[in-house]
Amino acid sequence: MFTFISRRWRTAPNFCLRIAFCTLLVAIALTFHSIVAYAATYMGTNTGPIPDGPSPSRSCGTPRDVTFNVAGFTGNFGSASVTFNATHSWVGDLEVSLIAPNGVTHLLFSFVGSNSNNDRGDNSNLGAAYTFSDAATANFWTAAARVGPNTIIPGGSYRTQAAGPFGNDNPGPPFTSINATFAGMTQAQINGTWMLRFRDCWKGNTGSVSSASLTIQPLAAGPASAQGRVVTSDGRGIKGAMIVVSGGNLSEPRIVVTNTFGFYRVPNLESGEAYVFTVMAKKYLFRENSIFVSLDGDLHGLDFIADP
């Protein structure tokens with residue numbers, strides 16, 4: 001949790017000035033939040049030729065590992081998509097996988113159109129930009145089967161599919177889920193080197209990768225609450241103190257009032273959002289009148305202590 005506390009609130013002459021200053025803090029918070037909380041796209045390096053397979057039967061050659069340096073990503077894994085621009089004759093030769101920094105691997109496609117280990121598969125070609133995402137609906141095996149020999153598979157967005165060979169080449173193996181494979185990855189596991197691995201597994205046809213990008217979306221925010229107590233310098237609860245909350249998912253400031261013992265609770269906030277909490281009570285000045293918090297879940301002990 002990131003917290004910033006301002007001491008200037010005790011000198012603010014009235015409520016309106018306090019709210020204006022609160023709005024400024026929220027604007028700063030949301031600017032910071034917009035940098036770190038949304039989807040990030042990383043461009044691939046180490047593009048180039050895909051080494052040919054070593055033999056005229058199924059045997060995979062040295063991989064072409066396109067790498068993505070993921071750094072500064074904030075949040076846990078929510079979803080991912082990968083896009084590459086490549087050329088390669090005889091798509092049935094290829095196996096393409098996305099590999100996370102911790103070694104977890106998700107297959108995009110392999111041996112498209114192949115029905116057995118002795119079947120070389122579909123003889124259409126790569127020659128466009130292809131995106132693989134759980135949000136897509138198109139079937140890559142079907143797209144390959146619908147074009148003629150030595151014809152480029154149309155670029156576009158496709159679902160990933162289970163490994164070939166498979167019993168039929170249209171629609172081919174079932175769809176798989178990129179998001180399910182990497183679900184549960186923490187921020188620490190996401191940051192690092194990802195790889196998009198191309199392997200040519202049959203001698204005689206070649207190709208190359210000219211560009212690639214990886215987009216990762218953090219896990220959507222969940223519900224959160226904040227609670228604490230407003231007390232005098234000797235620990236007695238202050239009844240009727242107002243807590244004003246601004247920012248985050250709130251369209252306007254929310255006000256809650258402390259109970260007889262000085263306790264308060266603010267429900268229906270969102271984790272991953274930034275808020276400013278401000279205290280006001282008649283006859284009291286506070287050591288810290290405002291607290292700026294980026295919530296990462298339910299928050300307890302957000303207390304305000306009055307000056308002696």
Side-chain angles (χ1 to χ4, degrees), residues 2 28-50 63-88 94-109 126-138 140 143 152-161 175-199 207-222 249 270-274 294 296:
F2 172 75
I28 295 171
L30 294 179
T31 299
F32 170 80
H33 186 64
S34 67
I35 295 173
V36 299
Y38 300 106
T41 298
Y42 304 89
M43 299 307 298
T45 59
N46 195 42
T47 55
I50 303 168
R64 164 62 61 182
D65 288 335
V66 178
T67 56
F68 308 93
N69 181 27
V70 176
F73 185 87
T74 300
N76 296 329
F77 181 87
S79 63
S81 64
V82 62
T83 298
F84 63 83
N85 198 313
T87 60
H88 198 288
L94 291 176
E95 176 190 85
V96 183
S97 302
L98 180 63
I99 306 172
N102 60 1
V104 174
T105 300
H106 183 81
L107 180 73
L108 273 60
F109 61 84
L126 296 183
Y130 304 94
T131 297
F132 288 87
S133 164
D134 283 7
T137 58
F140 194 66
I152 292 174
I153 301 170
S157 295
Y158 295 92
R159 285 293 300 270
T160 61
Q161 292 178 258
F175 287 157
T176 56
S177 170
I178 297 175
N179 300 341
T181 296
F182 300 114
M185 288 184 65
T186 64
Q187 177 176 313
Q189 293 171 320
I190 293 168
N191 284 284
T193 301
W194 291 67
M195 292 189 296
L196 182 61
R197 174 166 290 175
F198 294 81
R199 295 203 304 169
S208 65
V209 186
S210 58
S211 66
S213 64
L214 170 67
T215 298
I216 307 176
Q217 172 80 40
L219 189 66
N249 63 320
E270 287 187 7
S271 60
E273 296 286 345
S294 181
D296 55 10

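When reading the values below, keep in mind they use all heavy atoms of this one structure, side chains included, and skip hydrogens, waters and symmetry mates.
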Taking it one step at a time, do L126 and L94 satisfy side chain to side chain contact (heavy atoms under 4.5 Å, CB included)? CA-CA 10 Å; L126 296 183; L94 291 176; 3.6 Å; yes
Does one side chain, of S177 or D134, offer a donor that lies under 3.5 Å from an acceptor on the other? yes
Compare every heavy atom of A138 with every heavy atom of S157, then report the nearest pair and how far apart it is. O-CB, 3.3 Å
Starting from the C-alpha separation in whole Å, work towards a yes-or-no answer on side chain to side chain contact (heavy atoms under 4.5 Å, CB included) for N191 and V70. CA-CA 5 Å; N191 284 284; V70 176; 4.1 Å; yes
Smallest heavy-atom separation, N85 atom then A129 atom, equals ND2-CB, 3.9 Å
Between atom OG of S97 and atom CZ of F198, what is the distance when rounded to the nearest 0.5 Å? 10.0 Å
In Å and rounded to the nearest 0.5 Å, what is the CG to CZ distance from L108 to R197? 13.0 Å
What closest approach, in Å, do T215 and A39 show between heavy atoms, and which atom pair accounts for it? CG2-CB, 4.2 Å
Measure the acute angle between the ring planes of F109 and F132, then classify it against the limits of 30° and 60° as parallel, tilted or perpendicular. tilted
Test side chain to side chain contact (heavy atoms under 4.5 Å, CB included) on V209 and L196; report intermediate values, then the result. CA-CA 10 Å; V209 186; L196 182 61; 5.8 Å; no
Separation between CG (N179) and NE2 (H106), nearest 0.5 Å, reads 8.5 Å
What heavy-atom pair brings S213 and T41 nearest, and what distance separates the two atoms? CB-CG2, 4.0 Å
What's the shortest heavy-atom distance between Q189 and P101, and which atoms? O-CG, 3.6 Å
I need the Q187 CD to F77 CZ distance, nearest 0.5 Å. 14.0 Å
Side chain to side chain donor-acceptor pair (under 3.5 Å) with T45: of D65, T67, N69, only one passes, and it is T67
S208 vs T87, side chain to side chain contact (heavy atoms under 4.5 Å, CB included): CA-CA, chis, key distance, verdict: CA-CA 5 Å; S208 65; T87 60; 3.7 Å; yes
Measuring from atom CZ of R64 to atom CG of N46, what distance do you get when rounded to the nearest 0.5 angstrom? 5.0 Å
Value for CG (L219) from CG (N76), rounded to nearest 0.5 Å, stands at 6.5 Å
Mutual orientation of the aromatic rings belonging to Y130 and F140 [parallel < 30°, tilted 30-60°, perpendicular > 60°]: perpendicular
Passing candidate, ring-ring contact (aromatic ring centres under 6.0 Å, His included) with W194, options Y42, F68, F73, F182: F182
